[in-house]
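Working notes, structure below.
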Amino acid sequence: MSKNSENSENSENSENSENGEAPGTPPAGAGGSGGTSTPPGPQPEPIRFFGTTWVDHDGGYGLRRAGVAVGSLAAAVAGCLVLRFAFGGLEIAEVGSLVGMLVIVMFAICSAIAFRKTWESYGSRPKDPAREDTLRGLKTIGFIGSLLAYFVRSLIEAPGEKLRRAEYERARAQFEKRRSTRTGNPAARKRPKRR
């Protein structure tokens, strides 16, 4: 990238941030897709692998759900095979049956906790984000539980769709209520005819 294009990009990002927009967002009025402008009010939050197709179940939503279900199940099976090879390595090293049992119990407990925490995250936002950060390592060890929760949830809906739909509909209802009760809206005010 040349210096001129970097400078113009930096000045564009600084203009957006001065206007209260996040860097990298298109300026207001510029169409995001096909030249159409975004509707006023709150916008739906995209979901990984689904974008905003969950709102109207369009744009290959069903195929995406099937792909996510198959992909997460395949990843969980691959993870189990990797763990089996790791356990085989412990058997070859002859570390003893106690260590082998502890490893199996550790992965089982971590997977169960990861499944539960991942499943709960699809229904509500975490009340204590700091606690969720402390559980990140535990969820990483129990990644198979997280993948299985993702698989099961994708059979029902896009993972996190129910929560995001409730938040989006609540935000839309509040926006419409504020918009209808707003007084002194210049757009709604009729201009008197000049004589």
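Excluded from the calculations below are hydrogen atoms, water molecules and symmetry mates; all remaining heavy atoms, backbone and side chain alike, are included.
- Both F143 and M106 are members of a single hydrophobic cluster when ILVMFWY side chains are connected at heavy-atom separations under 4.5 Å.
- Proximity of a side-chain donor or acceptor of E132 to a complementary backbone N or O of P126 within less than 3.5 Å is not detected.
- Looking at R125 and E45, a side-chain N of the basic residue comes within less than 4.0 Å of a carboxylate O on the acidic one, giving a salt bridge.
- With sequence neighbours left out, the ring pair (Phe, Tyr, Trp, His ring centres under 6.0 Å) criterion links F50 to Y61.
- To the nearest 0.5 Å, the span separating OG1 on T53 from CD on E161 amounts to 8.5 Å.
- No chain of hydrophobic side-chain contacts below 4.5 Å, direct or via other Ile, Leu, Val, Met, Phe, Trp or Tyr residues, connects V82 to I141.
- Relative orientation of the W119 and F115 rings is parallel, given thresholds of 30° and 60° on the angle between their planes.
- Applying the ring pair (Phe, Tyr, Trp, His ring centres under 6.0 Å) test to residues at least two apart or on different chains, none of the pairs has a partner in residues 69-111.
- Using a 4.5 Å cut-off between side-chain heavy atoms of Ile, Leu, Val, Met, Phe, Trp and Tyr, with links allowed through other members, L148 and I104 fall into the same hydrophobic cluster.
- I144 is connected to V152 through a chain of hydrophobic side-chain contacts under 4.5 Å among Ile, Leu, Val, Met, Phe, Trp and Tyr, so both are in one cluster.
- No donor-acceptor pair under 3.5 Å is formed between the side chain of R153 and the backbone N or O of A158.
- With respect to K117 and E120, a salt bridge is recorded, a charged nitrogen being found less than 4.0 Å from a carboxylate O.
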